[in-house]
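To start, the structure under review is shown below, and the notes come after it.
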Amino acid sequence: MDFYKRIAAVGKHIPKGKVTTYGQLALLCGKPNNARQVGYALNRGRIGKDFPAYRVVNGQGYLSGAAAFEAPDMQRRLLEADGVEVMKNNRIDLKVFGWHSTIEEAEFFYDLFLEMGI
DNA sequence: TAGGTGACGCGGT
DNA sequence: CACCGCGCCACCT
């Protein structure tokens, strides 16, 4: 299993106007205890330039990776361009903008990984 | 090879 | 809300 390739594959399905979390990506990729590695991979650019890293926040809705973008407010501006409301404290209301993936989607990705051989 | 690190997460105080 | 501790684990020294 190639964790990083899986992350890249899932990233293409995060809906515009929604955000996901490190933990949820790890879960969908089959490693529920590897949320830290998702952050690590993004920080080190291991996923790929086309991956929408700005749509990933931590479990509390905070833009914990904002400092790693080209500009400190880059992630915020990209999200607002998506129609996502970012609060003053650099936080997002996950109840409203969180991507709540379903069991069906989890199974979809499981099958996708199988097809892709990753 | 042994330890330190961290875009994490959860539970407790 | 703010801390804090702990479990987690691929990567780096």
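Here is the naming used below: chain letters follow the sequence lines, and residue numbers restart at 1 for every chain.
- Summarising the geometry, the separation between CE on A:Met1 and P on C:dC9 is reported as 12 Å, rounded to the nearest angstrom.
- With A:Lys18 contributing its side chain and A:Val96 its backbone, the two residues share a donor-acceptor pair below 3.5 Å.
- Contact annotation: the side chain of A:Arg6 never approaches that of A:Leu25 to less than 4.5 Å [non-hydrogen atoms, C-beta and beyond].
- Across all strands shown, C:dC1 has no partner, as no Watson-Crick or G-U wobble contact with both distances under 3.5 Å is found.
- Rounded to an integer number of Å, the gap from CD1 of A:Ile7 to C1' of C:dA10 is 11 Å.
- Taking CD of A:Glu80 as the start and CG of A:Asp73 as the end, the distance is 9.0 Å to the nearest 0.5 Å.
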Its contact letters, B for base, S for sugar-phosphate only and - for none at protein heavy atoms under 4.0 Å, make nucleotides 7-13 of chain B read BBS----
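- Phosphate contact (OP1/OP2 of C:dG7, side-chain N/O of A:Asn33, threshold under 4.0 Å): absent.
- Taken residue by residue, residues 89-103 of chain A places no heavy atom nearer than 4.0 Å to DNA chain B.
- Note that CD1 of A:Ile118 is 9.5 Å distant from CE of A:Met1, once rounded to the nearest 0.5 Å.
- Per the geometry, CZ belonging to A:Phe3 stands 11 Å off P belonging to C:dC9, to the nearest Å.
- Note: A:Trp99 CH2 to A:Thr21 OG1 = 10.0 Å, rounded to the nearest 0.5 Å.
- Checked options A:Arg77, A:Arg55, A:Lys16; the residue passing with A:Asp82 is A:Arg55 (criterion: side-chain hydrogen bond (donor to acceptor under 3.5 Å, both in side chains)).
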Name every donor-acceptor pair, under 3.5 Å, that has one atom in a side chain of residues 29-45 of chain A and the other anywhere in the protein, sequence neighbours excluded.
unit_1	atom_1	unit_2	atom_2	d
A:Tyr40	OH	A:Arg46	NH2	3.3

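- Proximity of a side-chain donor or acceptor of A:Asn58 to a complementary backbone N or O of A:Gly61 within less than 3.5 Å is detected.
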